[in-house]
Amino acid sequence: SKPALSMYRALPDGEIAIEEFERFAMDRLRVLKGIEDLKVKGFRFDQMEPKILELYEQHMGGATSEERHRKDIISHFVLRLAYCSTDDLRRWLLAQECDLFRARFNQMLADEQVPQEFSEELREKLLQVLMSLPGVKATAGMVTADSFYKVPFEQVPDLVASRRVYLQAGFAYVSRDQMSSLVIQPFRAALSKALTVTARRWEVVVAPGEADRLAPMVQSLSRRYLGPDFSNREVDDDKRPKAADIPRLARESFPLCMATMYDALHEKHHLKHDGRLQFRLFLKGIGLPLDQALHFWRTEMAPVTPTEKFTKEYEYGIKHSYGKEGKRTDYTPYTCAKIVSSIPGVDQVHGCPYRTFNQQSLRSALGRLQVSPAKIEEAVGKAAAGHYQLACAAAWEGKHGCSCDSGINHPNQYFEESRKALQ
Ligand code: SF4
């Protein structure tokens, strides 16, 4: 069936669960971020177009066309809220949404193309209309079946009213070029205006009333992690850390989750399965080469794990993380979202300490990391309110003495920002 394409004039209504709200927005963000990546790679719009539609299919699907439509509308409006607060955010959203709209619009038009009976008579009429348009140097060659669309006339009232299209039997024949100026540009203008209005309304009306529930989620959306996955960092060989650097790096630049794991491993010479996974992928993400990883784990575990046992029981897992065994997948270090959502059992130390530690343990752990006292209190407060990544960003700031503009979304990102700040 023909994809429904909304101009997003009306706000969505009906009930929506908060986690659905968030999930829809994240899925749309993945599409928009993908569009941005394509542009960064230098693709022209016509090269991007099929990829944009693919991205949209991949992330914005739904079982029925109603579901797809609902997700489309809701996610669009949530991102308006999340990206209305500053000029930069508005500009970013506008650019990606316009490209998405244009690609989907062209796709919709592809279904509306002038059908086979493209008669000589019709060609004549279309040529006459084209020639009557100011600023258009029409030639017969411009009038081909695939440069025109046949659209129910009520879909293009602006064009009909200004007599810039040929009308026949309830259909308007519209050239591809006109479509852009008459539909895409108004879309951009309307969205741009809506974002400014939303920014004002959000601050005055919505955010104060939703300070506990919606507001933090919406605000964090624009900082949500969609960045590199750190699975295969291109680090120069001479910049890669060695096993012997890990204790120092843990003190200087590990986020609390990883510093905690390092301490536990160093003290007990052992980590349980989930912890080993979380920690060794992080270490891979900071660029520790496989041979150094083997050396590091072997040394740390040596007091309780004889070499043969290590080789037999643990080497495989480490090589596996590096894609050297088993399915040879290059495993991806965990994001904060993933770590925060895993709850350690008794005697386990994985997960996010901002979520799993009580206030007292959190205070002393942050003290050991040498976070400034004021920032420790800020982090403890944020953690108590359930904002773990904000707490982590506060700790980062309290450790490095500068502001952490990007927020914390990934332990490896924490690490990289830290190395940058320290240099
Ligand atoms: Fe680790 Fe992320 Fe939690 Fe910070 S917020 S401690 S980086 S999981």
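For the single chain, residues carry numbers from 1 onward in sequence order. As the structure lists them, so they are numbered: ligands from 1, and atoms in each ligand from 1.
Among protein heavy atoms, the minimum distance from atom 3 (Fe) of ligand 1 is reached at C352 SG, 2.4 Å. The shortest contact between atom 2 (Fe) of ligand 1 and any protein heavy atom is with C336 SG, 2.3 Å.
Side-chain polar atoms of R419 and S253 form a donor-acceptor pair below 3.5 angstrom. No side-chain donor-acceptor contact under 3.5 Å links E300 and H269.
Judged by the shortest distance from any of its heavy atoms, Y414 lies outside the 4.0 Å radius around the atoms of ligand 1.
Atoms of ligand 1 lying under 4.0 Å from any heavy atom of I339, numbered from 1 in the order shown and given with element: 8 (S). Each of the atoms 1 (Fe), 6 (S), 7 (S), 8 (S) of ligand 1 lies under 4.0 Å from some heavy atom of C257. Of all atoms in ligand 1, listed by their number and element, those nearer than 4.0 Å to a heavy atom of P255 are 7 (S).
The pair E57-R68 meets the salt-bridge criterion, with a side-chain N (NZ, NE, NH1 or NH2) lying under 4.0 Å from an Asp/Glu carboxylate O. Using a 4.0 Å cut-off between a side-chain N of Lys or Arg and a carboxylate O of Asp or Glu, R70 and E66 do not qualify as a salt bridge.
Of the candidates F310, F279, Y316, W297 forms a ring-ring contact (aromatic ring centres under 6.0 Å, His included) with just one, namely F279. With Y388 as the fixed residue, the side-chain contact (heavy atoms from CB on, under 4.5 Å) test singles out one of V340, T356, I408: V340.
Within the 2.8 Å limit, C392 places at least one N, O or S atom next to atom 4 (Fe) of ligand 1.
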